[in-house]
*Asks:* 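Here's a structure for you.
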Amino acid sequence: LTAAVAAAARDRAGFFTAPRPPVPASGATGITWSIDEAAGLPCTGAARLRFYPARGSDEATIIVPHMNTLKDDYGQMCQALRFFGTSTVRYTMPFHDGRIEATEGETGSGRRQMVSANLGLTIACIRQSVIEVIALAKHLRERGYRRINLVGVSLGTCTAAIAGAISELFDTVSVFL
């Protein structure tokens, strides 16, 4: 474990890359991607992120929520940001919302896998969320957004702080414990 941590510390950007990173696709009300097992990430399957586009805006904000959020949490915050001219994406963390296995359900143990007694899985989930948030920021840049803000809340601060530290895609990073 010590050697793995030392290697990750030497190559921070390399640690937060995946052999097959997610490739987001935009739809009318959301952004989706699918992760297969070959990606080497712990939470596979489809991710569906809610997108709140602001008409004529070249600024986007990615919100990384707290643990155990439900799919409609942060909707009012996203709508308020859209009202003030900022397109907003509400990110869905691994093992949350529709990313929970069907057998786990909304209150099952799937949510607890993001942070658990299994330290290796917890590190892998945080790594995956950083990889996905950076891929999402790249996608927004490709769609013409010139300014990208990143907001992390509670557990989401871990993802936001790391992504903001290793990627130059973000213009601002705000963390709320």
*Asks:* What pairs with Thr122 under side-chain hydrogen bond (donor to acceptor under 3.5 Å, both in side chains), at least two apart in sequence or on another chain?
*Replies:* none

*Asks:* Work out which heavy atom in Arg90 is nearest to a heavy atom in Leu49; give both atom names and the distance.
*Replies:*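 In this case the closest contact between Arg90 and Leu49 is O-CB, 3.7 Å.
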
*Asks:* For residues 150-167, tabulate all N or O donor-acceptor pairs below 3.5 Å that involve a side-chain atom, not counting sequence neighbours.
*Replies:*
unit_1	atom_1	unit_2	atom_2	d
Thr157	OG1	Ser154	O	2.6
Thr159	OG1	Ser129	OG	2.7
Ser167	OG	Leu169	N	3.2

*Asks:* Any salt bridge (charged side-chain N to carboxylate O under 4.0 Å, His left out) involving residues 161-177? Give me the pairs, sequence neighbours left out, ordered by first then second residue.
*Replies:*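 Found Arg141-Asp171.
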
*Asks:* Rounded at 0.5 Å granularity, tell me how far CZ in Phe51 sits from OG in Ser87.
*Replies:*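 Nearest 0.5 Å value for the CZ-OG distance: 4.5 Å.
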
*Asks:* Do Ile63 and Thr88 come within less than 4.5 Å of each other through their side chains, counting heavy atoms only?
*Replies:*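 Yes, close enough: below the 4.5 Å cut-off.
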
*Asks:* Yes or no on side-chain contact (heavy atoms from CB on, under 4.5 Å) for Phe170 and Ile62, after CA distance, side-chain angles and deciding distance?
*Replies:* CA-CA 10 Å; Phe170 304 101; Ile62 300 170; 4.1 Å; yes

*Asks:* Measure the OG1-CD1 distance between Thr86 and Ile148 for me, rounded to the nearest 0.5 Å.
*Replies:*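 Nearest 0.5 Å value for the OG1-CD1 distance: 12.0 Å.
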
*Asks:* Would you call the rings of His66 and Tyr74 parallel, tilted or perpendicular if under 30° counts as parallel and over 60° as perpendicular?
*Replies:* tilted

*Asks:* For Gly85 versus Ala54, what's the shortest heavy-atom pair and its separation?
*Replies:* C-CB, 3.7 Å

*Asks:* Please set out all donor-acceptor pairs under 3.5 angstrom arising from side-chain atoms of residues 75-84, sequence neighbours excluded.
*Replies:*
none

*Asks:* Considering the options Leu119, Ile126, Leu121, which one meets the side chain to side chain contact (heavy atoms under 4.5 Å, CB included) requirement together with Ile123?
*Replies:* Leu119

*Asks:* Please identify each residue that fulfils side-chain contact (heavy atoms from CB on, under 4.5 Å) with Arg146, with sequence neighbours left out.
*Replies:*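 Here the qualifying residues are Asp58.
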
*Asks:* Side-chain contact, heavy-atom cut-off 4.5 Å: Arg147 with Tyr145?
*Replies:*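 A side-chain contact is absent here, since even the closest heavy-atom pair is not under 4.5 Å.
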
*Asks:* Is there a side-chain contact between Val89 and Arg50, using heavy atoms and a 4.5 Å cut-off?
*Replies:* no

*Asks:* Applying salt bridge (charged side-chain N to carboxylate O under 4.0 Å, His left out), can you list everything that pairs with Arg143, at least two apart in sequence or on another chain?
*Replies:*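 Arg143 satisfies salt bridge (charged side-chain N to carboxylate O under 4.0 Å, His left out) with no residue once adjacent residues are dropped.
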
